[in-house]
K.L.:
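Structure provided below as structure tokens; questions to follow.
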Amino acid sequence: MKAVRRAVTLPVAFFKRPAEVVAAELLGMVIVSSVGGEISEGIIVETEAYLGYDDPASHGYLHRRNARNAALFGPPGTWYVYLSYGMHWCSNLVCQEIGLASAVLLRAAQPVKGLSVMRRRRGGVPDRQLCSGPGKLCQALGIDRGLDGAQMADSQVIVRPPQRREEIAVTVTPRVGITKAADWPLRFHLAGSPWVSRKEKGGRSSDLPP
DNA sequence: GCGCCGATTGGCT
DNA sequence: GCCAATCGGCGCC
């Protein structure tokens, strides 16, 4: 009898590190959704780091905790999903340690599998825009509040390393759509990727070891 | 291609 | 009231 191939996902230890490290290393990894029994999958091309209670742009700034952001204060590897502007879901993975309120926001992905599912969920927009933003990514992958608070490895949406790790170039820019600490360079994306949420306008490129 | 603006919900001042 | 880790449509250059 053949050995069953177990789904390989990231260990909790991966998330037990500073959010900016996790954010950079998530680039090039694969996000796999089986929500609703339908597989859809993409390569993560854009992320943002939120550092925790010291970060004015973090929902957990100054330990501000409420019913909505409780998952952000959970253990590393926890999904934190919240509603933005009353209509878009945004997905984060908690980093570092319990209570720090540090996380990485998934901002964009390159669709690679389940394109028809994504197109249906996204209402037939051009493929380039299926996952080119945090709200779009959630809609394409079927992510909503149902994922909030789940441990990633036990959930219907997991992240795994790519089949083979290629050398990638990461560009760092300020974060998007925030007003506080808006100049902190904590947004990361694959250099030159056409699948990101907005065009590059400057930013520093650097090579990441394989 | 770029910038402005409305939609819509919930938590906070 | 006011604001927000957004999106898509519209007007204008």
Side-chain angles (χ1 to χ4, degrees), chain A residues 15 18-24 26-27 31 42 44-74 78-96 100-111 118-149 152 157 159 171-189 192-203:
Chain A
F15 297 100
E20 66 271 27
V21 175
V22 175
L26 280 173
L27 297 180
I31 181 167
I44 298 170
V45 299
E46 180 180 341
T47 58
E48 270 176 10
Y50 288 83
L51 302 186
Y53 59 78
D54 276 341
D55 181 352
S58 167
H59 290 171
Y61 183 48
L62 302 180
H63 295 100
R64 281 172 186 154
R65 180 177 179 158
N66 53 55
R68 294 202 75 74
N69 68 13
L72 179 58
F73 293 80
T78 300
W79 282 112
Y80 166 47
V81 180
Y82 68 92
L83 190 61
S84 179
Y85 291 90
M87 54 186 96
H88 307 291
W89 296 103
C90 292
S91 59
N92 303 247
L93 285 161
V94 175
C95 294
Q96 213 143 339
L100 183 59
S102 169
V104 172
L105 169 68
L106 304 183
R107 286 195 53 91
Q110 170 183 352
M118 295 194 197
R119 290 185 188 117
R120 190 190 72 232
R121 287 176 176 149
R122 292 280 296 123
V125 300
D127 284 1
R128 195 56 60 84
Q129 292 158 40
L130 284 176
C131 302
S132 60
K136 303 176 193 176
L137 182 154
C138 283
Q139 189 176 27
L141 295 176
I143 295 173
D144 62 19
R145 199 68 203 256
L147 195 62
D148 185 54
M152 191 268 281
V157 184
V159 178
T171 300
V172 185
T173 68
R175 294 176 289 189
V176 174
I178 56 174
T179 54
K180 300 156 201 157
D183 55 336
W184 294 11
L186 292 173
R187 170 174 173 258
F188 304 86
H189 64 86
S193 172
W195 304 96
V196 299
S197 66
R198 53 176 57 191
K199 282 217 169 136
E200 315 189 22
K201 37 179 197 180

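Here is how names work: the chains are called A, B, and so on, in the same order as the sequence lines, proteins then strands, and each is numbered from 1.
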K.L.:
Give the dot-bracket string for DNA chain B, reading 5' to 3', where a pair is Watson-Crick or G-U wobble with both distances under 3.5 Å, ( ) marks pairs inside the strand, [ ] marks pairs crossing earlier ones, | marks a partner on another strand, and . marks unpaired.
P.N.:
|||||||.||||.

K.L.:
Does anyone know the first and last nucleotide of DNA chain C in reach of chain A, 5' to 3', at under 4.0 angstrom to a heavy atom?
P.N.:
C:dA4 to C:dG8

K.L.:
Within the structure shown, what part of the strands sits under 4.0 Å from A:Val125 by heavy-atom distance: base, sugar-phosphate, or nothing?
P.N.:
nothing

K.L.:
Can you see whether A:Gln139 engages A:Arg121 through a side-chain donor-acceptor pair at a distance of less than 3.5 angstrom?
P.N.:
no

K.L.:
For B:dG10 and C:dG8, measure between their C1' atoms and round to the nearest Å.
P.N.:
22 Å

K.L.:
Need to verify one output field. Residue with the more 5' nearest nucleotide on DNA chain C, A:Leu105 or A:Gln139?
P.N.:
A:Leu105

K.L.:
Under a 3.5 Å distance rule, please check whether A:Arg175 uses its side chain to pair with a backbone N or O of A:Ala49 as donor and acceptor.
P.N.:
yes

K.L.:
Against A:Glu46, only a single residue in A:Arg187, A:His189, A:Gln110 fulfils side chain to side chain donor-acceptor pair (under 3.5 Å); can you say which?
P.N.:
A:Arg187

K.L.:
Taking all non-hydrogen atoms of both residues into account, name the closest pair between A:Ala19 and A:Leu51 and its distance.
P.N.:
CB-CD2, 4.3 Å

K.L.:
Assess the side chains of A:His59 and A:Tyr80: does a donor N or O sit below 3.5 Å from an acceptor N or O?
P.N.:
yes

K.L.:
Quick one: is the NZ or CZ of A:Arg128 closer than 6.0 Å to the six-membered ring centre of A:Trp195, and within 45° of its axis?
P.N.:
yes

K.L.:
Distance only, no hydrogens: is a donor on one side chain within 3.5 Å (strictly under) of an acceptor on the other, for A:Thr47 and A:Arg107?
P.N.:
no

K.L.:
Taking for each residue the nucleotide of DNA chain C with the nearest heavy atom, is it A:Lys136 or A:Lys180 whose nucleotide lies nearer the 5' end?
P.N.:
A:Lys180

K.L.:
For the residue pair A:Pro56 and A:Asp54, what are the closest heavy atoms and their distance?
P.N.:
CD-O, 3.4 Å

K.L.:
Between the protein and nucleotides 8-10 of chain B, list the N/O to N/O atom pairs that are separated by less than 3.5 angstrom.
P.N.:
{"from": "B:dT8", "atom 1": "O2", "to": "A:Tyr85", "atom 2": "O", "distance (Å)": "2.3"}

K.L.:
Verify, without hydrogens or angle tests, whether A:Arg122 (side chain) and A:Gln129 (backbone) share a donor-acceptor contact under 3.5 angstrom.
P.N.:
yes

